[in-house]
Protein chains: 2
Amino acid sequence: MSNKTKASITDMLRASNLSITDTRVKILELFIDSNGALEHSSFEKLAGHSFDRVTVYRTLQTFLDKGIIHSIPTTDTSIRYALCKSDCSEHDHHDHHIHFKCEECGNTICLDETTVPEIQLPKGYAAHNIDVVVSGVCKECK
Amino acid sequence: MSNKTKASITDMLRASNLSITDTRVKILELFIDSNGALEHSSFEKLAGHSFDRVTVYRTLQTFLDKGIIHSIPTTDTSIRYALCKSDCSEHDHHDHHIHFKCEECGNTICLDETTVPEIQLPKGYAAHNIDVVVSGVCKECK
DNA sequence: TATGTTTATGCAGCAGTGTTGCGTAAATAA
DNA sequence: TTATTTACGCAACACTGCTGCATAAACATA
């Protein structure tokens, strides 16, 4: 990872009023490198057990609270997270893109260009957030 | 629950080549009565600990395999299940409706009348299934 | 650069969730 | 009614996520 990216990571943390620690920098690096969604166990594997499990949980929770990452619904018991785009903040959080889970490689990625369509709910329902998860085969595995 | 519904439950099981057992009948009753999505812990509560945990897990897995129920993505660690409509089968499974999770009462329901809109994926991606989960406030809690 | 304060980390331990193996009990087929 | 197949219940285990507390690191201030 280039120094330039490392510098932007510290900027990200500072912008959210978070102190710069090894764990936080490393986890953000993993998110940037992976270019997709990661679950908790991925960090333990990718970071080579250099961090305590609890630290990873707390770091992810902190990032969630600050709007740095968002969670992605799954039909299994793990929770997946991905980096938010720059237009998300602590108090105005939104995912306007859809998620794609590849059945071949198992990766989940954010399709940032693809917007969530309008959905007409029955009378009496108020929507705050819409999650769309498409499963299938990605362009790498095709 | 009426005898008529009980009869249709045994028909459902027979149609999927499943033997009729107390556990399976009771779990299907709970699905029908709840009219929404249930997670594993719900069965233990609703059924009053009359079944072993393992039996409930295995029963749900069997129903999933046979296309009797489907799983609903969540951003927590529990897996939610709901009854499939009659046009699902073991080999042709599909959810063409959207799911609504109420932030007030916590219930997740299937909006069967509301269809999933067309989604234009980037080139190279093939979609097999689309899950849409809308969160907000349901008409009961409004 | 040194120092005090705040914040994050690591460890131990706990609770909840889901799985596997195996002997027994129940359901179906004959 | 009996034989065979299938499901159930128990014990034990692995994995995931959380809390409390002592220690270590990061930051702000001088």
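Computed from heavy atoms alone, side chains included, the values below leave out hydrogens, waters and symmetry copies. Each chain gets a letter, A, B and so on, in the order the sequences are listed, and its residues count up from 1.
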### Nearest heavy atoms of A:Val25 and A:Leu13, plus distance in Å
CG2-CD1, 4.1 Å
### Message
Looking at every heavy atom in both B:Thr55 and B:Thr59, which two are closest together, and how far apart are they?
### Response
O-OG1, 2.6 Å
### Query
How about B:Phe51 and B:Phe43: are their ring centroids closer than 6.0 Å?
no
### Summary
Taking five pairs at each terminus, the helix from C:dT1-D:dA30 to C:dA30-D:dT1 shows an axis bend, to 10°, of 40°
### Task
For B:Ile27 and D:dA7, give me the distance from atom CD1 to atom P, rounded to whole Å.
13 Å
### Query
Among the clusters formed by ILVMFWY side chains lying less than 4.5 Å apart, do B:Val137 and B:Phe100 turn up in the same one?
no
### Task
State, without any angle test, whether B:Thr62 and B:Arg24 hold a side-chain donor-acceptor pair at a distance under 3.5 Å.
no
### Task
Provide the closest heavy-atom pair for B:Ile72 versus B:Ala82 in the form atom of the first, atom of the second, distance.
CD1-CB, 3.9 Å
### Query
Which one of A:Asp131, A:Val132, A:Ile79 satisfies the side-chain contact (heavy atoms from CB on, under 4.5 Å) criterion with A:Pro73?
A:Asp131
### Message
Restricting to non-hydrogen atoms, name the atom on A:Cys141 and the atom on A:Cys102 that form the minimum distance, rounded to 0.1 Å.
### Response
SG-SG, 3.8 Å
### Task
Go along nucleotides 17-30 of chain D 5' to 3' and tag each nucleotide: B for a protein heavy atom under 4.0 Å from its base, S when only backbone or sugar atoms are that close, - otherwise.
BBBB-----SS---
### Query
Looking at B:Lys142 and A:Gly124, what are the two nearest heavy atoms and their distance?
CD-O, 3.4 Å
### Query
Can you name the one residue among A:Ile68, A:Ile27, A:Thr108, A:Ile69 that meets side-chain contact (heavy atoms from CB on, under 4.5 Å) with A:Tyr81?
A:Ile69
### Separation of atom CZ in B:Phe43 from atom P in D:dC8, rounded to whole Å
14 Å
### Task
Give one of base, sugar-phosphate or nothing for A:Thr62, where a contact means two heavy atoms less than 4.0 Å apart.
nothing
#### Entry: Interface limits on DNA chain C, where chain B has a heavy atom under 4.0 Å of a nucleotide atom
C:dT17 to C:dT28
